[in-house]
Amino acid sequence: MSEEKSLNFLEDIIEQDLKEGKYQSIVTRFPPEPNGYLHMGHATSICLNFGLTKKYPGYTNLRFDDTNPLTEDTEYVESIKADIKWLGFEWKNELYASDYFEQLYQYAITLIKKGLAYVDDLTAEEIAKLKGTPTEHGKDSPHRGRSIEENLDLFARMKNGEFIDGAKTLRAKIDMAHTNMLMRDPLLYRIKHAHHHRTGNDWCIYPMYDFAHGQSDSIENITHSICTLEFIPHRELYDWFIEKLEIYPSHQYEFARRNLSYTVMSKRKLLQLVNDKHVNGWDDPRMPTISGMRRRGFTPKSIRTFCDKVGIAKRENIIDFSLLEFCLREDLNNTAHRAMVVLDPIKLIITNYENNKVEELPSENGPDENLGTRLLPFSKELWIEREDFMEIPAKKWFRLAPGAMVRLKSAYIIKCDNFIKDIDGNVTEIHCTYFPESKSGSDTSGLATKGVIHWVSVAQALTAEVRLYDRLFKVENPNSDSEDSGGDFKDYINPASLQTITTAYIEPSLKNATETMRYQFIRKGYFCLDKDATPEKLVFNRTVTLKDAWVKETKKEG
RNA sequence: UGGGUUAUAGUGUAAAGGUAGCACACCAGAUUUUGAUUCUGUUCGUCUAGGUUCGAAUCCUAGUAACCCAACCA
């Protein structure tokens, strides 16, 4: 197993930098804006930034990009920190762009003094109008020619709160005819008489993203500032500020955000799903948020493995959801405790089994022997899965059917002799005989069955609510054809993304289930206890199904 | 009508002029007291057209397609 994983383009750059002695160690940062919950897209960025400094000497800062007081809140800061920790990463320093407000203010003054920034009186609409379009040059603002002294005075008065919101802005003086729209005298500061979650009412002017991000990187000596593709045009500005301010030269590198099939990832769309009640909150197990996935039962390791397998590049992509499921199952298969649960019950009576007799049969907790075994009560009356019986067996069917034999997992081989139907034709009871000498672990019957099914003893069964989750969207790319065609991503919502089973029969050992435990309900999938569970009422979420070759077989028949 | 970025199996990602590889998915088979897991195997790919070269995914030329850029958001 000496397979050498090839480097992605960022690792190539870093190894080159290290080799050339440009840096002895590297510094990266994860820069969320505290205005929402983290989702799978952030997870790839987290794994990337923190992963790089795990692989190479250096460290990663957590820096909240909190330059817009109107949308940001401490509540989000806390959830973001919790999510990063849950994913298994540790930041070196917890920092905030707002920590640098004073320094940023001084940088602005420096630019003004160099004649590279000016105070503008234009309204947002007027500025937009003069900005031009991608194909047409912009025009200079009438205030572009103000003297340095006047600009200094005006900017100080902006800071001192002499003007109302929107009355004035500070802009860089670059080039209104630039082909890069961002270089057409971008806004540096705007007036917002607003309360900031950290600086309170200290400031009434706030820096824009472009004037805060690069300089924050620089202040922290970030060597590799990694962001997504849409920031490519910003890099020119990023470099411009660093050059004019003559500060530490951080460098920005861009990669393509990861898109997952059958999900949406934009904050706006996720917010809409929550607000319109298509899901039950940000941590709904169907949401691609970190909190939702955690509640669903995803493991941090599976997410990290996924990010690692997907890799990193610069082209548009939609990654198969099945790759994420593969990583999930791979992890869960090794760690989840097995349990027997019947979701859609039908009663099975073993006619030749002694009344009132109860045996305690051992069953393995998992493929890893260290997980040990537990005892399952077995008796004359059992619940089995309705779908494990077919009155008229299909081709290649090797579960229960009239006259057919099947093994009850960890127990005996049984043979179906008879079944009872109600007036509507529904099977209500199955009668079988068992072979005492076929007992699991000491089978001398010489019988062999291809089919093995799970069961729960009626008398000892407990009940639980089980929530079966499926993908939230019916189509691979719910983002496509939105706005233009009049279509909407919400049109693609899968109406069957949640199926609630109010009364499932569970084996008694599940009474002690905890939220951190992961289970495999044998033959049904991986499950975990939901936070809604109480000692009186257990609630389980299906994390992901098991792969099912039988379902494929039935699909082949049409 | 401008500028920027990207094109490799169904999906994602490697190959730095020298055998187009890996993973997931798919399909087929073996094992199996979970139709799971595990194992084996098959099919399938360099955006197009030219050119350079003994040899091109890679270099050159010309096209084509997709995405991004006109928030006092980040």
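Since this is a predicted model, take the numbers as computed values, not measurements. Here is how names work: the chains are called A, B, and so on, in the same order as the sequence lines, proteins then strands, and each is numbered from 1.
The two residues A:Arg399 and A:Ala404 make their nearest non-hydrogen contact at O-CB, 4.0 Å.
Following rounding to the nearest Å, A:Lys552 (NZ) and B:G29 (C1') show an atom-to-atom distance of 14 Å.
For the pair A:Val466/A:Lys524, no side-chain contact is recorded, criterion being any heavy-atom separation below 4.5 Å from C-beta on. By the 4.5 Å heavy-atom criterion applied to side chains, A:Asn180 and A:Asp175 are not counted as neighbours.
A:Lys139 NZ: 12 or fewer foreign heavy atoms inside a 6.0 Å radius.
Side-chain contact annotation: A:Asp185 with A:Tyr118, donor-acceptor N/O pair under 3.5 Å present. One side chain, A:Glu385 or A:His454, offers a donor N or O that lies under 3.5 Å from an acceptor on the other. Side-chain N/O atoms of A:Ser363 and A:Ser410 include a donor and acceptor closer than 3.5 Å.
In this structure, A:Arg399 reaches the bases: a heavy-atom distance under 4.0 Å links it to at least one base atom across the strands shown. A:Lys267 comes within 4.0 angstrom of no nucleic acid atom, judged by non-hydrogen atoms across all strands.
The stretch residues 61-76 of chain A touches RNA chain B through A:Asp65, A:Thr67, A:Asn68, each having a heavy atom under 4.0 angstrom from the strand. For RNA chain B, no neighbouring residue in residues 35-47 of chain A is found when judged by any heavy atom under 4.0 Å.
Look at B:G2: its Watson-Crick or wobble partner, with both distances under 3.5 angstrom, is B:C69.
Checking the phosphate oxygens (OP1, OP2) of B:U32, no side-chain nitrogen or oxygen of A:Arg523 falls inside 4.0 Å. When the side-chain nitrogen and oxygen atoms of A:Arg190 are compared with OP1 and OP2 of B:C73, one or more of them lie within a distance under 4.0 Å. Phosphate proximity of B:G35 to A:Lys395: absent, as no side-chain N or O sits under 4.0 Å from OP1 or OP2. Contact between the side-chain N/O atoms of A:Lys547 and the OP1/OP2 oxygens of B:U37 is found at a separation under 4.0 Å.
Only one option out of A:Phe64, A:Tyr96, A:Trp203, A:Phe101 pairs with A:His196 in a ring pair (Phe, Tyr, Trp, His ring centres under 6.0 Å); it is A:Phe101.
Checked by distance alone, A:His454 brings no side-chain donor or acceptor within 3.5 Å of a matching partner on the base of B:A36. Judged by distance alone with a 3.5 Å cut-off, a donor-acceptor contact links the side chain of A:Ser440 to the base of B:U33.
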Item to check | Contact pattern, 5' to 3', of nucleotides 9-21 of chain B - B, S or - by protein heavy atom under 4.0 Å | outcome: -BSSBS-------

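A salt bridge between A:Arg198 and A:Asp73 is absent, with no side-chain N of the basic residue lying under 4.0 Å from a carboxylate O of the acidic one.
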